[in-house]
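Notes to accompany the following structure.
Proteins get letters first, then strands, A, B, ... in listed order; numbering begins at 1 in each.
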Amino acid sequence: MLPRELFRNEPDRIRRMLRDRHTEADLDRLLEVDGAWREVLVRVEELKARRNVGSKEIGALFKAGERREAEGRKAEMAALGEEIKALEAEASALEAELAALELTIPNLFDESVPVGTDESDNRVERSWGEPPDFGFEPKAHWDLGPELGILDFERAAKIAGARFAVLRGAGAALERALISYMLDLHTGKHGYTEVLTPYLVSSESLRGTGQLPKFEDDLFKIEGRDLYLIPTAEVPVTNLHREEVLAEEQLPTRYCAFTPCFRAEAGSYGKDVRGLIRQHQFHKVELVQLVHPERSWEALEKLTGHAEAVLRGLGLPYRVVTLCSGDLGFSSAKTYDLEVWLPGQNRYREISSCSNFLDFQARRARIRFKPSGGGKARLVHTLNGSGLAIGRTLVAVLESYQQADGSVLVPEVLRPYMGGLERISPEAEG
RNA sequence: GGAGGGGUGGCCGAGUGGUCGAAGGCGGCGGUCUUGAAAACCGCUGAGGCGCCAGCCUCCAUGGGUUCGAAUCCCAUCCCCUCCGCCA
């Protein structure tokens, strides 16, 4: 959510942003409603001031024993009350519409964000590692995994339908190893506090981070209740401090969380239908930071580095891109995507998304801090990034570490988490 | 699921139709004292909105209602706690 003064004072700036994001929002209606609301509000408040004075006088008359005089004033006040009630209904309807409209306006993006239409306009910042030369035709994980007996899409479809997977044996262990490796790295080396949160959240939490009201179709909702499966740990973790005033000393607050994520993926029919890339359920280790508003840009660079460290540790080649205006998420002011090299697809694929939201989420979720030098509570800045998406990391490991004989080497850093296992072979599976 | 109890400022906690935006305490800020600190003492200290200002209006879980007037009375909803039931 953007501050109201911005709509009032710089509507053209908002309009430009909407155009560059290739997004529609009814800014004109918003401005109109805002003006009307303020007009009615002034009138309501005038009447209320009169009522407050009148009521006090009646109270004083009763106390002075002037019963008749007091009773006489009541009718007049009652009429005023009716007038207030009607006008107030008008005001609150306008305010509700204004509040609803505000929630549909995306964040302003930073100057350093390239203006563009879609992912082809994203800017490559840097890359690390070289796509390996196998000396044979590398397989895609959807062939490799089932052949090794560690991945089963058919049985997953039987029990839950399309876009689910079953991991088995060393595959399940590899998933678990990746989770532990990432959590240990972020808590041990990068200064994050691990949290384990609910996987179901209320609509208010989803509004706080910006998934609602605009992206309801992407979510799984529990029927008959105000509960949704989380699409990312960003939602429960950022909302940990919703409606709180933190001490400045608590900043920066850094959390990492392992959670499953659930996405309805509406409108993605025909996209990535094979394999683990796009699933209704996947695992992710998420990094979330609440920081001082003057530190969020440096925090974004550091946070991105923390996600990169995971890929480096695993020896997986990747590149960093800055999302262009048209590809940027609703709440984000700037996003770096980490794209890992997938030999089976012969291309880079998104494996992490690291964003600075500035005060956009903090304003929605009312997350503030009290400056240590005194003064009013200020909004914090929030950031988050995947560190990393586990399923896609598993894909990258399988495809990058595959051998000519169809086996897969276990990356050095994961072996301690897999009982010292060095290689996943078909024979090893019963 | 059943029966009770309860949601008040950054935190704890009092309040019961009108001078209550709310006692008291803690915390925070400033001061006195001190070489410095602690202690003690004194003072200040909630948030949001509208308005050019003066100022006005909201806010005691949320939403309705009663009333000239609601933190206070009534209804509904949500959440928390205790006990019982059930369960991992």
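- Residues forming a salt bridge (Lys or Arg N to Asp or Glu O under 4.0 Å) with Arg68(A) (at least two apart in sequence, or on another chain): none.
- Listed in residue order, the members of residues 34-43 of chain A having a heavy atom less than 4.0 Å from RNA chain B are Trp37(A), Arg38(A), Leu41(A), Val42(A).
- What separates CD of Gln250(A) from C1' of G10(B) is a distance of 10 Å, to the nearest Å.
- A distance below 6.0 Å separates the ring centres of Phe369(A) and His292(A).
- Counting non-hydrogen atoms under 4.0 angstrom, Arg378(A) reaches nothing in the nucleic acid.
- For Phe258(A) and His186(A), the distance between ring centers is not under 6.0 angstrom.
- The ring-ring contact (aromatic ring centres under 6.0 Å, His included) test applied to His306(A) returns His190(A), Tyr192(A), not counting sequence neighbours.
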Write down the protein N/O and nucleotide N/O pairs, taken from nucleotides 17-22 of chain B, whose separation is under 3.5 Å; answer none if there are no such pairs.
unit_1	atom_1	unit_2	atom_2	d
G18(B)	N2	Ser55(A)	O	2.9

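- With sequence neighbours left out, Phe360(A) forms a ring-ring contact (aromatic ring centres under 6.0 Å, His included) with Phe330(A).
- Among G10(B), C68(B), G48(B), the nucleotide with an atom closest to any side-chain atom of Arg368(A) is G48(B).
- Residues forming a salt bridge (Lys or Arg N to Asp or Glu O under 4.0 Å) with Arg366(A) (at least two apart in sequence, or on another chain): Glu204(A), Glu243(A).
- Atom CD of Glu249(A) and atom P of G10(B) are 17 Å apart (whole Å).
- Among residues two or more places apart in sequence or in another chain, the salt bridge (Lys or Arg N to Asp or Glu O under 4.0 Å) test is passed with Lys158(A) by none.
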Note to self: Give the dot-bracket line for RNA chain B from 5' end to 3' end: parentheses for intra-strand Watson-Crick or G-U pairs under 3.5 Å, square brackets for crossings, | for inter-strand pairing, dots for unpaired.
What the structure shows: ((((((((.[[[..)..(.....]]]((((((.......))))))(((((....))))).[[[[[..)....]]]]])))))))....
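- Each ring pair (Phe, Tyr, Trp, His ring centres under 6.0 Å) pair with one or both residues in residues 4-55 of chain A, not counting sequence neighbours, would appear here, but there are none.
- Atom CG in Leu379(A) sits 12.0 Å away from atom CG in Leu290(A) (nearest 0.5 Å).
- With sequence neighbours left out, the salt bridge (Lys or Arg N to Asp or Glu O under 4.0 Å) criterion links Arg349(A) to Asp272(A).
- U77(B) atom P lies 15 Å from atom CZ of Arg225(A), rounded to whole Å.
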N/O-N/O pairs, protein side and nucleotides 56-61 of chain B side, under 3.5 Å:
unit_1	atom_1	unit_2	atom_2	d
C57(B)	OP1	Asn52(A)	ND2	2.9

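- Contacts with RNA chain B (heavy atom under 4.0 Å) in residues 83-94 of chain A: Lys85(A), listed by number.
- Applying the 4.0 Å criterion to OP1 and OP2 of C50(B), one finds that Arg8(A) has a side-chain N or O inside that range.
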